[in-house]
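One structure is given below, encoded as structure tokens.
Atoms within a ligand are numbered from 1 in the order they appear, just like the ligands themselves.
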Amino acid sequence: MEINPVKGTHDIYLKEANEYQLIENTARAVAELFSYSEIRTPIIEHTPLFLRSVGESSDIVSKEMYTFDDKGGRSITLRPEMTAGVLRSVVSNKLYATPDLPLKLYYLGPCFRYERPQAGRYRQFHQFGVEVLGNPNYHLDSEVIALGHRILISCGLTNVEVKINSLGDETSRNNYREALKKYFADKVDKMCEDCKRRYEVNPLRILDCKVPEDIEIVKGAPKMSDFLTPEAKANLNDIIADLKSIGIEVSLDDNLVRGLDYYTGVVFEYHVKDENLVDVGAIGGGGHYANLLKELGGPDLEGVGMSIGVERLHYVVSQLTTPELMPKGPDVYLMGTSEYIIEQNVAFADMLRSSGFATMMNYEVKSLKSLFKIASRNNAKLAVIIGEDELTKNTLTVKNMLTGEQTSLKKENWENVLSDLLKEYVETYYSKVLAISKEEKEGN
Ligand code: HAM
């Protein structure tokens, strides 16, 4: 008797497997261009991890989890998403105890949700994503949004839309929740069973409802943007301005609340618009979470992350483009010793990455001495320094991290000179470092 695949699962093979590989390699290469490193966590976790993070008011936890008791009587769940497991691992392994915060991690793996299978919706699917943990800094939020955007662009997509919203800080959210309760109080009886439950546990979830009659009621609901505190508004505007400075235009979407409970602050989604494609929903999404690490037993560090659904990305890429591989490696460490220089460096890092230089930069002001330590710990090949002096003269100083040699160059010549300096670095590495180790060997 033939045994069929489980409903909502699919096999990937031959040509399609090659296409998946290309997409996954591109995503990995982009994450490494931004100096993220890989984390792999188990597919199975203790069930309470998801109750405490994704949240009991979410559809994922209330309806979609594959949960079972193992032979030892423990409640185990197949991960429905990656963020919770990654943060659990950061706490279990004390990965936050590093001199090089923020911690920047990327991952790829299968996830499981008991959903009704349809276009772009499976019961087993794959997520590629990143999580960043550190002190709050809006540049990190915009970096994560830009990283996901760059993955989609690097896969050859041109019509990517980034939708963005802010769930605000605790005060904004509490006020908004109260306003929603008031608005829905005399309407909830006519709404679906899910909305009745959402009204009790988390009225924000009602904005996510897909039932046509409920969508009509939701249209008249108060808007989150009217409840944001001035700080929360300023944070959202800073992120939008940062993205604009590297050519990413976003669209504000007041109804974007996302289906997971851990978000605070900015939330976003990537959509690909094309009238010839079946609408598979968001290709990816993510947001800021100020409290999740602490709630899972870690220190008081904030986080931001995003995940892309590999099946959905593969669908749009296979319909619209031919993806290409990206180069790998941390070629440049871009140093900023003041807030102003860091602002400038955001755009310059983007130009470097656009030209294929794997680039790392600092977002917190540090002394040159400590930046060199970081650059050397991370095996950067070239350190690029733009100080006050360089700013006025419109020059860059580049230091070969192997020989210590410094070169001063005009900013407009950076691309050719950096390519030459990188080649020089590689040649020196082979002739000096490898030759020395050969001599040492012979000497022994
Ligand atoms: P999410 O929006 O639930 O966010 O999922 C991210 C992406 O996974 C979706 O945009 C979609 O492409 C894909 N996806 C979700 N469910 C399915 C499904 N049933 N079939 C196929 N693809 C699916 C998260 O999971 C968050 N952990 C994202 C994040 C990371 N937030 C912060 N860090």
Is it true that E311 lies under 4.0 Å from ligand 1, counting heavy atoms only?
no
Chi angles and distances behind the side chain to side chain donor-acceptor pair (under 3.5 Å) call for E295, Y262:
CA-CA 10 Å; E295 279 163 12; Y262 47 65; over 6 Å; no
Parallel, tilted or perpendicular: which describes the rings of Y66 and Y114, with under 30° parallel and over 60° perpendicular?
perpendicular
Compare all side-chain heavy atoms of R258 with those of E269 and state whether any distance is below 4.5 angstrom.
yes
Selection from R258, R123, E81 by shortest heavy-atom distance to atom 1 (P) of ligand 1
R258
Take every heavy atom of Y262, measure it against each atom of ligand 1, and state whether any distance is under 4.0 Å.
yes
Under 4.0 Å from any heavy atom of R113, which atoms of ligand 1 are there?
1 (P), 3 (O), 5 (O), 15 (C), 16 (N), 25 (O)
Pair listing, salt bridge (Lys or Arg N to Asp or Glu O under 4.0 Å) test, anchored in residues 155-164, at least two apart
E161-K273
Test your reading of the model: is there a side-chain donor-acceptor pair from T229 to the backbone of S172, 3.5 Å cut-off?
no
Would G309 count as being in polar contact with ligand 1, using the rule that some N or O on each side must be under 3.5 angstrom apart?
yes
Under-4.0 Å salt bridge between E200 and K196
no
Whether Y176 and F227 hold their rings parallel, tilted or perpendicular, with breakpoints at 30° and 60°
tilted
Any donor and acceptor pair, going by atom type alone, linking the side chain of K187 with main-chain N or O of Y183 inside 3.5 Å?
yes
I need the atoms of ligand 1 closer than 4.0 Å to a non-hydrogen atom of G120, numbered in the order shown.
20 (N), 21 (C), 22 (N)
Assign the ring pair Y122 / H10 to parallel, tilted or perpendicular, where the plane angle (0 to 90°) is split at 30° and 60°.
parallel
Do any heavy atoms of G129 fall under 4.0 Å from ligand 1?
no
Heavy-atom nearest neighbour in the protein, as seen from atom 6 (C) of ligand 1, with distance rounded to 0.1 Å:
Q127 NE2, 3.4 Å
Pick from Y289, Y114, F125: the one approaching atom 23 (C) of ligand 1 most closely through a non-hydrogen atom
F125
Taking only non-hydrogen atoms of Y122 and a 4.0 Å limit, the atoms of ligand 1 in range are 18 (C), 19 (N), 20 (N), 21 (C)
Any donor-acceptor pair under 3.5 Å from K381 side chain to N379 backbone:
no
To which protein heavy atom is atom 19 (N) of ligand 1 closest, and what is the distance rounded to 0.1 Å?
E115 OE2, 2.6 Å
State the atoms of ligand 1, each with its element, that fall below the 4.0 Å cut-off from a heavy-atom position in Y263.
26 (C), 28 (C), 29 (C), 31 (N), 32 (C)
Proximity winner for atom 10 (O) of ligand 1, if only heavy atoms of A282, G148, P117 are counted
A282
For atom 12 (O) of ligand 1, what's the nearest protein heavy-atom neighbour? Residue, atom name and distance, please.
I283 O, 2.9 Å
Taking only heavy atoms of Y107 into account, list the atoms of ligand 1 that are under 4.0 Å away from them.
30 (C)
